[in-house]
Amino acid sequence: MPVGAFADPAPGLPEADGHVAVGDGLVPLVLAADCLPVALAGDGGVAMIHCGWRGLAAGIVGNGVEAAEARAATIGPGIGPCCYEVGETVLAAFEALGPGLASGRMLDLREVARRQLRQAGVEEIEVCELCTSCHPELFFSHRRDGEPTGRQAGLAWRD
Ligand SMILES: [Zn+2]
């Protein structure tokens with residue numbers, strides 16, 4: 001196969017920001033480079049959801065929790081409030097979650113996801129506090145590097 005040409009590994013599947021695997025043998029994966037990769041696990045299966053501000057504002061956390069019947073979640077590395085300056089539109093999208101999500105225009109996306117997980121009934125939540133933009137030795141960061149940059153992969157599976 002020539003370099004740069006890849007067969008579509010899943011013809012017919014729509015592109016999506018979240019995947020739920022029901023049963024064993026499938027490993028959902030998301031790619032991110034500042035957005036949060038969030039893993040969900042519950043009686044309905046395991047899920048990976050890709051959480052940028054648009055997806056979070058559109059309810060991807062609640063949808064993922066419902067689909068996986070999630071009781072536990074892990075929020076992976078993403079851009080921290082130290083580096084995530086946003087505009088009024090983005091801040092306004094999360095006003096309903098209450099105060100303390102932002103310092104000025106610096107939004108804490110992890111806290112957005114954590115509050116939404118709690119609202120959806122998930123009590124067991126682990127959070128990676130590392131900022132992708134602050135750690136070039138560990139992570140790709142779209143904000144820091146621009147395009148092209150790499151992506152982190154987040155995967156979830158059942159033992
Ligand atoms: Zn940072």
Nearest heavy-atom neighbours spanning Pro37 and Pro77: CD-O, 3.2 Å
Taking everything shown except Arg143 itself, do over 12 heavy atoms lie less than 6.0 Å from its CZ? yes
In Å and rounded to the nearest 0.5 Å, what is the CE to CD distance from Met106 to Glu85? 5.5 Å
Transitively linked via ILVMFWY side-chain contacts under 4.5 Å: Ile60 with Val122? yes
Spell out, yes or no, whether Trp157 and Leu29 are grouped together once hydrophobic residues are joined by side-chain heavy atoms under 4.5 Å, including indirect joins. yes
Would you check if the side chain of Arg118 reaches a backbone N or O of Ile125 as a donor-acceptor pair within less than 3.5 Å? no
Residue pair Asp17 / Val30, side-chain heavy-atom distance below 4.5 Å: no
Using 0.5 Å steps for rounding, measure from the CZ atom of Arg114 to the CG atom of Leu97. 10.5 Å
To the closest 0.5 Å, what do you measure between OG1 (Thr74) and CG (Leu36)? 12.0 Å
Cys82 side, atom SG; Asp108 side, atom CG - distance, nearest 0.5 Å: 9.0 Å
I need the Ile49 CD1 to Leu56 CG distance, nearest 0.5 Å. 7.5 Å
Of all the heavy-atom pairs spanning Cys128 and Gly76, show the shortest one and how long it is. CB-C, 3.9 Å
Cys51 and Val61: which non-hydrogen atoms are nearest, and at how many Å? SG-CG2, 4.3 Å
Check: Phe140 main-chain N/O paired with Gln152 side-chain donor or acceptor under 3.5 Å: yes
Please check if Leu101 and Leu109 belong to a single hydrophobic cluster, counting links between Ile, Leu, Val, Met, Phe, Trp and Tyr side chain heavy atoms closer than 4.5 Å. yes
Is it the case that over 12 heavy atoms from other parts of the model lie below 6.0 angstrom from the CD atom of Glu69? yes
When every non-hydrogen atom of Ala120 is compared with those of Val65, the smallest separation belongs to O-CG1, 3.7 Å
Let's go through Leu107 and Val112 carefully: what are the C-alpha distance in whole Å and the side-chain angles of both, what is the deciding distance for side chain to side chain contact (heavy atoms under 4.5 Å, CB included) to 0.1 Å, and is it a yes or a no? CA-CA 9 Å; Leu107 179 65; Val112 169; 4.1 Å; yes
Could you give me the CA-CA distance, side-chain angles and deciding distance for Glu124 and Arg71, then say whether salt bridge (charged side-chain N to carboxylate O under 4.0 Å, His left out) is met? CA-CA 7 Å; Glu124 188 183 333; Arg71 289 177 294 152; over 6 Å; no
Quick one: does Pro81's side chain get under 4.5 Å of Ser103's, heavy atoms only? no
Roughly how far, to the nearest 0.5 Å, is CG of Leu117 from CD1 of Ile75? 5.0 Å
Quick one: does Arg151's side chain have a donor or acceptor within less than 3.5 Å of a partner on Ser141's backbone? no
Starting from the C-alpha separation in whole Å, work towards a yes-or-no answer on salt bridge (charged side-chain N to carboxylate O under 4.0 Å, His left out) for Arg105 and Glu88. CA-CA 8 Å; Arg105 289 176 168 268; Glu88 292 299 327; 3.4 Å; yes
Using modelled atom types and a 3.5 Å cut-off, is there a donor and acceptor pairing between side-chain atoms of Ser133 and backbone atoms of Ile79? no
Any idea which heavy atoms bring Tyr84 and Trp53 closest together, and the distance? OH-CD1, 3.4 Å
Using the rule that two of Ile, Leu, Val, Met, Phe, Trp, Tyr join whenever any of their side-chain heavy atoms come within less than 4.5 Å, decide whether Val27 and Leu31 are in one cluster. yes
What do you reckon, is CD of Glu123 surrounded by more than 12 foreign heavy atoms closer than 6.0 Å? no
Val127 and Phe94: same hydrophobic cluster, using ILVMFWY side-chain contacts below 4.5 Å? yes
So, Asp34 side chain and His142 main chain: donor-acceptor pair closer than 3.5 Å or not? yes
Closest approach of Ala73 and Leu40, non-hydrogen atoms and distance? CB-CD2, 3.7 Å
